[in-house]
Amino acid sequence: MTFNALGTGTGTGTVSGTSALSYTTVGLVTTVGATRRAVTVRLLEALPAGVSGNVSFTPDTGNGTSTGTLTLSTTAQVLVDLISNDVSQSAKALNYTFSTTKGFTDVTLKIEYVLIDL
């Protein structure tokens, strides 16, 4: 996914590429000390200075609980929580918003989503 340049302008840019999230769980949580499953999100590289971004995802009913809109950072955050065993979330669009206080060239975003036991 690429956040497209704003030249010398400010405000919102556009995102090229369509990003979707899907996941499947099988069986009970088995990690020692874990009680539930979740999907985390984090940037693999920081956004340029003056750029901020948010992401949200709403799973289908029964496939976990959305934690709402998150500000993207290089620290992993829980995007979907309370995912049960034996669910299959089909690919569904991730919702991104970005804004900037200064211009920059196109930025290719590297974002990691991980299904984990918590």
Side-chain angles (χ1 to χ4, degrees):
M1 178 175 60
T2 300
F3 181 43
N4 296 311
L6 297 173
T8 58
T10 62
T12 58
T14 59
V15 174
S16 60
T18 302
S19 297
L21 177 65
S22 65
Y23 49 87
T24 300
T25 63
V26 178
L28 300 172
V29 172
T30 58
T31 304
V32 174
T35 59
R36 66 190 196 275
R37 289 191 172 103
V39 173
T40 62
V41 58
R42 75 178 180 104
L43 291 168
L44 296 179
E45 298 174 3
L47 292 171
V51 177
S52 61
N54 298 313
V55 63
S56 65
F57 180 77
T58 304
D60 294 333
T61 302
N63 291 343
T65 302
S66 171
T67 59
T69 300
L70 301 177
T71 300
L72 290 168
S73 76
T74 55
T75 301
Q77 303 172 75
V78 174
L79 180 66
V80 181
D81 202 1
L82 304 173
I83 300 172
S84 300
N85 53 300
D86 302 319
V87 300
S88 184
Q89 173 63 57
S90 59
K92 192 170 179 182
L94 290 152
N95 303 302
Y96 291 100
T97 58
F98 291 91
S99 61
T100 184
T101 58
K102 63 181 184 176
F104 62 93
T105 58
D106 292 356
V107 175
T108 299
L109 303 173
K110 296 175 183 175
I111 304 173
E112 176 182 73
Y113 293 88
V114 180
L115 177 65
I116 62 170
D117 291 345
L118 292 176

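Summarising the geometry, atom OH belonging to Tyr96 is positioned 4.5 Å from atom OG belonging to Ser19; distances are rounded to the nearest 0.5 Å. For the atom pair CD (Gln89) and CD1 (Ile83), the distance works out to 8.5 Å, reported to the nearest 0.5 Å. We find the OG-CG distance between Ser56 and Asn95 to be 4.0 Å, quoted to the nearest 0.5 Å. To the nearest 0.5 Å, the span separating CD on Glu112 from CG on Leu44 amounts to 5.0 Å. Rounded to the nearest 0.5 Å, atoms OG1 (Thr58) and CG (Leu21) are 11.0 Å apart.
At least one side-chain heavy atom of Phe57 sits under 4.5 Å from a side-chain heavy atom of Val80. Side-chain contact check for Leu109 versus Leu47: some heavy-atom pair is nearer than 4.5 Å. With contacts defined as side-chain heavy-atom distances shorter than 4.5 Å, the pair Val26/Asp86 qualifies. With a 4.5 Å cut-off on side-chain heavy atoms, Thr74 and Glu45 do not count as touching. Counting heavy atoms from C-beta outward, Val114 and Val39 have side chains that stay 4.5 Å or more apart.
Between Arg36 and Asp81 there is a salt bridge, since at least one side-chain N of the basic residue sits less than 4.0 Å from a carboxylate O of the acidic one.
Legend: residues meeting side-chain contact (heavy atoms from CB on, under 4.5 Å) with Ser90, ordered by chain and number and at least two apart, are Asp60.
No chain of hydrophobic side-chain contacts below 4.5 Å, direct or via other Ile, Leu, Val, Met, Phe, Trp or Tyr residues, connects Val87 to Leu82. In the hydrophobic clustering of this structure, Leu115 groups with Leu79; members are Ile, Leu, Val, Met, Phe, Trp, Tyr whose side-chain heavy atoms approach within less than 4.5 Å, directly or through other members. Neither Ile111 nor Val78 shares a network with the other; the hydrophobic side chains, linked directly or stepwise wherever heavy atoms of I, L, V, M, F, W or Y lie under 4.5 Å apart, form separate groups for each.
A donor-acceptor pair shorter than 3.5 Å can be found between the side chains of Thr71 and Asn54.
Between Ala91 and Ser22, the shortest heavy-atom contact is N-CB, 3.5 Å. Considering every non-hydrogen atom in both Thr24 and Ser88, the closest pair reads OG1-OG, 3.4 Å. Here the closest heavy-atom approach between residue Leu118 and residue Ala38 is recorded as CD1-CB, 3.6 Å.
Judged by distance alone, the side chain of Arg37 and the main-chain N or O of Gly64 form no donor-acceptor pair under 3.5 Å.
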### Task
Report the C-alpha separation of Thr40 and Ile116 in whole Å, then their side-chain angles, then the decisive distance to 0.1 Å, and conclude whether the side-chain contact (heavy atoms from CB on, under 4.5 Å) test is met.
CA-CA 7 Å; Thr40 62; Ile116 62 170; 3.5 Å; yes
